[in-house]
Amino acid sequence: MLSILIPVFDFDVRDFVKELHRQCTNASIDFEIILLDDHSQQNFVSLNRSLSDEPNVIFRELPANVGRSAIRNQLASIARHKYLLFLDCDSEIESSEFITSYLKYASPNQVIYGGRSYHEHPPADKKLYLRWLYGMKREVTDAASRRKNRYKSFMTNNFFIPAELFNKIRFNEALSGYGHEDTLFGTELKKRHVDILHIDNPLCHIGLEPSEEFLQKTEQGVKNLAYLMKLKLIDNDVKLAETYETMRKLHLAGSFMKLFDRMEAGLIKNLKSSSPSLRKFDIYKLGLLARELREA
């Protein structure tokens with residue numbers, strides 16, 4: 001019936017997996033939970049390895065880090081059930097009906113996206129504030145809002161898909177590092193006219209990165225976006241790409257780059273501070289994208 005697929009990297013997933021196991025058992029379904037560790041630090045591997053003693057749980061360790069796209073494809077290759085539920089490891093379940101909420105909508109020709117949430121109150125550690133703020137303001141949307149643009153609103157942190165359908169698409173392993181594998185996957189779903197059903201069944205993202213690490217991931221994500229734009233693999237569903245294209249058509253890209261070169265240090269200083277501005281974060285990402293495309 002259901003294969004739950006979780007790529008694991010530097011996170012203790014024991015409580016998360018045990019809750020998933022409890023809900024699947026209570027639902028009286030055939031299930032498996034497959035964990036692939038993407039070459040984590042040894043202390044996390046040692047903690048999570050104990051999960052292999054649980055019935056219906058498979059825990060395997062990869063000898064080298066393969067990245068976000070490749071590991072999801074490997075998970076799907078191991079899975080043996082009709083439906084796949086992909087979940088990010090740095091998550092927490094909020095609802096006791098998380099599994100059954102997906103099962104009641106299961107359909108052979110439909111993808112289901114449940115959404116993402118964050119803890120209501122900001123983290124005490126100010127180094128984590130930028131990631132929390134971005135998540136709360138840009139990633140937390142209810143199903144009704146997501147349905148207005150169902151492909152643009154798709155993310156890979158928490159989605160349910162028929163195995164047969166997934167294996168026709170799979171993740172593009174040409175994307176390395178962090179960022180936009182969900183964009184490309186959503187674009188493929190759109191091209192194939194696959195329906196995405198948006199429901200309110202979020203996973204709470206608890207793995208907040210410090211601002212410096214988040215900015216490094218943002219830079220890698222922008223590089224991936226530039227790569228996809230160069231190959232014309234995405235459309236204007238990506239707001240950052242759309243903004244850049246508008247600026248380029250108005251012949252403003254060169255002037256903006258000169259301004260960004262002068263502003264960059266100040267933008268980074270603000271984003272690493274205890275009161276970062278998301279407007280400045282948008283300008284920072286646009287500047288990184290313009291630089292990547294200028295150097296092409």
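The figures that follow rest on heavy atoms only: side chains count, while hydrogens, waters and symmetry mates do not.
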What are the two closest non-hydrogen atoms of [X] and [Y], and how far apart are they?
X: Glu245; Y: Arg248; result: OE1-NH2, 2.7 Å
X: Ile93; Y: Phe98; result: CG2-CB, 3.8 Å
X: Tyr151; Y: Val194; result: OH-O, 2.7 Å
X: Ala76; Y: Leu84; result: CB-CD1, 4.1 Å
X: Ile234; Y: Thr187; result: CG2-OG1, 4.0 Å

Who pairs with [X] by side chain to side chain donor-acceptor pair (under 3.5 Å), at least two apart in sequence or on another chain?
X: Asp200; answer: none
X: Ser69; answer: none
X: Thr141; answer: none
X: Asn73; answer: Glu173

Rounded to the nearest 0.5 Å, how far does [atom2] of [Y] lie from [atom1] of [X]?
X: Ser211; Y: Tyr134; atom1: OG; atom2: OH; answer: 14.0 Å
X: Lys258; Y: Asp261; atom1: NZ; atom2: CG; answer: 10.0 Å
X: Ser52; Y: Ile58; atom1: OG; atom2: CD1; answer: 10.5 Å
X: Met155; Y: Leu203; atom1: CE; atom2: CG; answer: 10.5 Å
X: Leu215; Y: Leu271; atom1: CG; atom2: CG; answer: 5.5 Å
X: Arg131; Y: Phe214; atom1: CZ; atom2: CZ; answer: 4.5 Å

If you define the side chain from C-beta out and look only at heavy atoms, does anything of [X] sit under 4.5 Å from [Y]?
X: Leu35; Y: Val17; result: yes
X: Asn56; Y: Ile33; result: no
X: His21; Y: Cys24; result: no
X: Pro276; Y: Tyr129; result: yes
X: His198; Y: Ser153; result: yes
X: Val13; Y: Leu51; result: yes
X: Tyr244; Y: Leu293; result: yes
X: Leu208; Y: Tyr118; result: yes

| task | Return the set of residues passing salt bridge (charged side-chain N to carboxylate O under 4.0 Å, His left out) with Asp12 (not counting sequence neighbours), or none when no residue passes. | result |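 Asp12 satisfies salt bridge (charged side-chain N to carboxylate O under 4.0 Å, His left out) with Arg14 only.
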| query | Mind checking what makes salt bridge (charged side-chain N to carboxylate O under 4.0 Å, His left out) contact with Arg72, not counting sequence neighbours? | reply |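 Applying salt bridge (charged side-chain N to carboxylate O under 4.0 Å, His left out) to Arg72 gives Asp88.
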Test your reading of the model: is there a side-chain donor-acceptor pair from [X] to the backbone of [Y], 3.5 Å cut-off?
X: Glu139; Y: Ser117; result: no
X: His81; Y: Met1; result: yes
X: Asp37; Y: Val45; result: no
X: Arg147; Y: Leu197; result: no
X: His180; Y: Asn224; result: no
X: Ser91; Y: His205; result: no
X: Trp132; Y: Lys126; result: no
X: Asp90; Y: Ile206; result: no
X: Asp38; Y: Val66; result: yes
X: Glu32; Y: Arg80; result: yes

Within 6.0 Å of [atom1] in [X], more than 12 heavy atoms from elsewhere:
X: Glu94; atom1: CD; value: yes
X: Asn43; atom1: CG; value: yes
X: Glu92; atom1: CD; value: yes
X: Glu61; atom1: CD; value: yes
X: Lys191; atom1: NZ; value: yes

Transitive ILVMFWY side-chain link [X] to [Y], under 4.5 Å:
X: Leu2; Y: Ile112; result: yes
X: Ile34; Y: Phe44; result: no
X: Val238; Y: Phe281; result: yes

| query | Which pairs pass side-chain hydrogen bond (donor to acceptor under 3.5 Å, both in side chains) with one or both residues in residues 268-287, sequence neighbours excluded? | reply | Arg138-Asp282
Residues forming a side-chain contact (heavy atoms from CB on, under 4.5 Å) with [X], sequence neighbours excluded:
X: Glu219; result: Lys223, Leu288
X: Glu120; result: none
X: Leu36; result: Arg60, Leu62, Ile71, Gln74, Leu75, Ile78
X: Ser96; result: Arg22

Using ring centroids (six-membered ring only for Trp), state whether [Y] and [X] fall under 6.0 Å.
X: Phe86; Y: Phe166; value: yes
X: Tyr83; Y: Phe31; value: no
X: Phe185; Y: Phe159; value: yes

| Can the positive tip of Lys230 be found less than 6.0 Å from the middle of the six-membered ring of Tyr227, inside 45° of the ring normal? |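 No.
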Does either side chain, that of [X] or that of [Y], offer a donor lying less than 3.5 Å from an acceptor on the other one?
X: Tyr105; Y: Asn201; value: no
X: Tyr102; Y: Asn158; value: yes
X: Asn167; Y: Arg170; value: yes
X: Glu19; Y: Gln23; value: yes

| task | State plainly whether the residues Arg192 and Glu188 are in salt-bridge range, i.e. N to O under 4.0 Å. | result |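 Counted as a salt bridge, because a side-chain N and a carboxylate O are separated by less than 4.0 Å.
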| field | Listed once per pair and sorted, the salt bridge (Lys or Arg N to Asp or Glu O under 4.0 Å) pairs that draw on residues 149-161, sequence neighbours left out | value |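 Those involving residues 149-161 are Arg150-Asp195.
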